[in-house]
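Being a predicted model, the structure only gives us computed values, none of them experimental.
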Amino acid sequence: MRCLKGFYMSLGMFSAIPLPYHFWNEKYLPVMVAGFPLVGGVIGGLWWLAAWGLIALGIPLMLTAAALTLSPFLIAGFIHLDGFMDTSDAHLSRRPLKERLRILKDPLVGTFAVVMLAVLLLFQFAAMYIVAENGGYLALLVTISVLARCCSTLAIFGLKHLSISNYGPLLAQGVSVSHKVFVFVAAAGAIALSFVYAGIPGLIVAAAVVLGYCAAMSRVYRSFGGVSGDLLGYSQVISEVCGLIALALIQGW
């Protein structure tokens with residue numbers, strides 16, 4: 001019951017999926033965070049079903065690619081995309097740390113956020129177009145979603161949190177070894193299932209997600225000296241598009 005309640009909280013916080021009632025209890029926070037990869041499984045599963053359905057129905061390819069580009073953001077309630085834009089604004093300003101932190105918390109949208117959003121959607125749409133056109137290995141969309149959130153969860157558990165972060169320190173409270181082990185097992189399981197399903201291409205896509213996350217997080221972590229929800233969203237969004245690009249390259253070749 002504790003695990004189910006934690007997962008329910010995680011689904012309510014990290015997705016826009018309609019739930020019958022709202023539930024919040026801080027004693028379930030560690031379970032809620034550990035359940036983040038499972039939310040990725042739900043979001044990735046819906047993404048996969050949307051891809052399969054649109055392709056099966058013969059929806060024009062351009063419209064299919066556009067719908068599938070937006071699908072994971074819509075299901076997640078744009079929460080991670082917001083972090084991507086805020087972090088892009090602050091990091092690319094290349095101003096002193098104090099000013100970057102101020103920009104990170106600023107609710108206004110700046111030029112860098114708009115430009116980087118356009119770049120992100122361009123690459124995501126192009127990759128999704130190739131994936132939809134070929135229609136192969138669609139279930140790897142689930143892998144991409146799960147692994148990106150495994151990386152974010154481990155970052156919450158293991159990295160220093162910025163003092164301006166409202167939720168980071170709270171989410172990391174009460175975390176035990178069992179919670180960390182669960183996330184590692186979820187990541188390993190996603191990679192193993194990807195290999196069983198797609199062979200080497202599955203491993204390549206999984207590696208692209210993990211490496212993309214590590215590269216993005218390493219860059220902004222050094223820039224800001226810690227992590228926050230915005231930086232986690234930034235790294236997660238980049239890791240997902242890296243996985244999509246890898247999937248598209250495999251099919252394109």
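- Residue Val146 is grouped with residue Tyr197 when hydrophobic side chains (ILVMFWY) are merged at heavy-atom distances under 4.5 angstrom, including chains of intermediate members.
- Looking at Leu46 and Ser71, their side chains never come closer than 4.5 Å, going by heavy atoms from C-beta outward.
- In this structure, Leu120 and Leu81 approach most closely via the heavy-atom pair CD2-CD1, 3.5 Å.
- Side-chain atoms of His80 never come within 3.5 Å of backbone atoms of Phe73 as a donor-acceptor pair (strictly under, hydrogens ignored).
- With hydrogens and angles left out, the side-chain atoms of Thr69 and Tyr129 include no donor and acceptor closer than 3.5 Å.
- The nearest pair of heavy atoms linking His91 to Ser223 is ND1-OG, 3.1 Å.
- Cluster annotation: Val220 is not connected to Ile79 through the hydrophobic network of ILVMFWY side chains, with a link wherever side-chain heavy atoms come within less than 4.5 Å.
- Judged purely by atom type and a 3.5 angstrom limit, Asp89 uses its side chain to pair as donor or acceptor with the backbone of Ala113.
- The heavy-atom pair separating Val209 from Ser239 by the smallest distance is O-CB, 3.3 Å.
- If you chain together hydrophobic residues whose side chains sit under 4.5 Å apart, Val114 and Leu121 fall into the same group.
- Closest approach of Tyr221 to Leu159, counting heavy atoms only: CE1-CB, 4.0 Å.
- With contacts defined as side-chain heavy-atom distances shorter than 4.5 Å, the pair Cys151/Met217 does not qualify.
- Atom CG of Leu4 sits about 11.0 Å away from atom CZ of Phe23, to the nearest 0.5 Å.
- In this structure, the side chain of Ser218 does not engage the main chain of Ala215 through any donor-acceptor pair within 3.5 Å.
- Expressed to the nearest 0.5 Å, how far CG of Leu74 lies from CD1 of Ile17 amounts to 12.0 Å.
- Between the side chain of Trp47 and the backbone N or O of Leu68, at least one donor-acceptor pair lies under 3.5 Å.
- Between the Thr153 side chain and the Ala34 main chain, no donor and acceptor come within less than 3.5 Å of each other.
- Evaluation of the side chain to side chain contact (heavy atoms under 4.5 Å, CB included) rule for Leu154 yields Val183, Phe184 as partners, not counting sequence neighbours.
- For the residue pair Ser145/Arg149, the side-chain donor-acceptor check at 3.5 Å is satisfied.
- Under a 3.5 Å cut-off, the side chain of Gln251 and the backbone N or O of Gly136 do form a donor-acceptor pair.
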* For Tyr137 and Ser194, run side chain to side chain donor-acceptor pair (under 3.5 Å): C-alpha distance rounded to whole Å, both residues' side-chain angles, the deciding distance at 0.1 Å, then the answer. => CA-CA 9 Å; Tyr137 302 135; Ser194 298; over 6 Å; no

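- Annotation for Phe125: atom CZ counts as buried by contact number, over 12 foreign heavy atoms lying within 6.0 Å.
- Under a hydrophobic-cluster definition in which Ile, Leu, Val, Met, Phe, Trp and Tyr are linked whenever side-chain heavy atoms come within less than 4.5 Å, directly or via other members, Val119 and Leu117 are assigned to the same cluster.
- Side-chain contact check for Leu29 versus Met32: some heavy-atom pair is nearer than 4.5 Å.
- Annotation: salt bridge (charged side-chain N to carboxylate O under 4.0 Å, His left out) contacts of Glu99 (sequence neighbours excluded): Arg95, Arg102.
- With values rounded to the nearest 0.5 angstrom, Leu247 atom CG is found 9.5 Å from Ile130 atom CD1.
- The nearest pair of heavy atoms linking Tyr21 to Tyr8 is O-OH, 2.6 Å.
- Tyr213 pairs with exactly one of Leu147, Leu232, Ile238, Val237 by the side-chain contact (heavy atoms from CB on, under 4.5 Å) rule, that one being Leu232.
- No continuous path of ILVMFWY side-chain contacts below 4.5 Å connects Ile156 to Val185, so the two sit in separate hydrophobic clusters.
- When all heavy atoms of Leu141 and Trp48 are compared, the pair lying nearest together is CD1-CA, 4.1 Å.
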